[in-house]
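Just so you know, ligand 1 is whichever comes first in the structure, and atom 1 is the first atom listed for that ligand.
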Amino acid sequence: MLQPKYKRVVLKLSGEALAGPAGYGIDAGVINSIASQIKEVVELGSEVAIVVGGGNIWRGVAGSAQGIDRATADYMGMLATVINSLALQDALEKHGVQTRVQTSIEMRQVAEPYIRRRAIRHLEKKRVVIFAAGTGNPFFSTDTTAALRAAEIEAEVILMAKNKVDGVYDSDPRTNPNAVKYRELDYLEVLNKGLGVMDSTATSLCMDNNMQIIVFNISEEGNIKRVVLGEDIGTVVRGGQK
Ligand code: UDP
């Protein structure tokens, strides 16, 4: 039987990962494919927590550019992540995967409040825990949420799912055919070169807690499982061992 390399992972999905070709909203086919990929990982025996973004519905920065107060726009973004989390929960449960959604902003009729020890207990029982509503604070991102929750639940790695790009490049591979992919990076290189792994607050948090990040392409079926099995398909970001 295949053995997972990682016992406990945080999967970070951007909101756009759920959007499909339209680029916004939630695409039933796409979310189903993601759910079945997550199921495969649960079946390997890994404990899976998920942080999902909200960019397919609302982004605080864009809202504030339209004149909405930034903090208010950010709260709207956090609510968008709850919508995505519920959609993902529904898709996972249709695949027979037990899930719990925990929100950083209380909404008890909809989901459990975030309680760290409870989240860990769910994971131990092989339930997928979806962390919704970001960190609960404006001016942060769901990347930061992934970094924070991963440290809190003592995950071994953050799996940063990207759409249609299979790792971190020195320039945009969609516009530059000569872009070179990094197999491994140090946190400081990511920060200094301004590479698009996660935002700088999230990267710093990972650096301070020595939390490994793997950037990979989720658009290709089966890739979450490949990463969890230890296949070298993306870019690894970790502490300076070079
Ligand atoms: N957000 C926030 N605090 C958090 C997490 C998210 O204010 O801790 C808001 C912020 O406005 C952000 C939006 O929620 O733009 C959606 O999250 P994000 O942009 O990280 O989603 P993604 O880019 O992953 O789809």
Would you check if the side chain of [X] reaches a backbone N or O of [Y] as a donor-acceptor pair within less than 3.5 Å?
X      : Y      : answer
Gln66  : Gly63  : no
Tyr187 : Met211 : yes
Ser14  : Ala17  : yes

Counting from 1, what ligand 1 atoms have a heavy atom of [X] closer than 4.0 Å?
X      : answer
Lys12  : 24 (O)
Gly134 : 4 (C), 5 (C), 8 (O)
Gly54  : 16 (C), 17 (O), 21 (O), 22 (P), 25 (O)
Gly55  : 21 (O), 22 (P), 25 (O)
Gly53  : 21 (O), 22 (P), 24 (O), 25 (O)
Gly15  : 22 (P), 24 (O), 25 (O)

Does the gap between the ring centers of Tyr114 and Phe131 come in under 6.0 Å? yes
Out of the candidates Asn84, Ile31, Leu88, only one should pair with Leu13 under the side chain to side chain contact (heavy atoms under 4.5 Å, CB included) rule; please name it. Leu88
For ligand 1, is there an N or O atom under 3.5 Å from any N or O atom of [X]?
X      : result
Trp58  : no
Leu13  : no
Ala133 : no
Thr135 : yes
Ser14  : no

Nearest heavy-atom contact between Val10 and Ala155 is CG2-CB, 3.9 Å
Measuring from the heavy atoms of [X], does anything fall under 4.0 Å of ligand 1?
X      : result
Asn137 : yes
Pro138 : yes
Thr145 : yes

Are [X] and [Y] close enough that a side-chain donor and a side-chain acceptor fall under 3.5 Å?
X      : Y      : result
Glu184 : Thr235 : no
Ser141 : Asp143 : no
Asp166 : Tyr169 : yes

Among all the protein's non-hydrogen atoms, which is closest to [atom], and how far away is it?
atom                    : result
atom 6 (C) of ligand 1  : Phe140 O, 3.7 Å
atom 12 (C) of ligand 1 : Gly60 N, 4.0 Å
atom 5 (C) of ligand 1  : Ser141 C, 3.4 Å
atom 11 (O) of ligand 1 : Asp74 OD1, 2.5 Å
atom 23 (O) of ligand 1 : Arg59 NH1, 2.5 Å

Evaluate the side-chain proximity of Ile218 to Asn223: yes if any heavy-atom separation is below 4.5 Å, no if none is. no
Given side chains that start at C-beta, do those of Pro4 and Glu43 come closer than 4.5 Å, heavy atoms only? no
Give the contacting part of Thr142 toward ligand 1: side chain, backbone, both or neither, where contact means a heavy-atom distance below 4.0 Å. both
Which one holds for Met76 and ligand 1: side chain close, backbone close, both close, or neither close, with close meaning a heavy atom under 4.0 Å? neither
If you measure from atom 13 (C) of ligand 1 to every heavy atom of Ala146, Gly77, Ser64, Ala73, which option wins on shortest distance? Gly77
Name the residue from Arg127, Glu47, Gln98, Arg117 that meets the side chain to side chain donor-acceptor pair (under 3.5 Å) definition with His122. Arg127
What do you reckon, is CD of Glu154 surrounded by more than 12 foreign heavy atoms closer than 6.0 Å? no
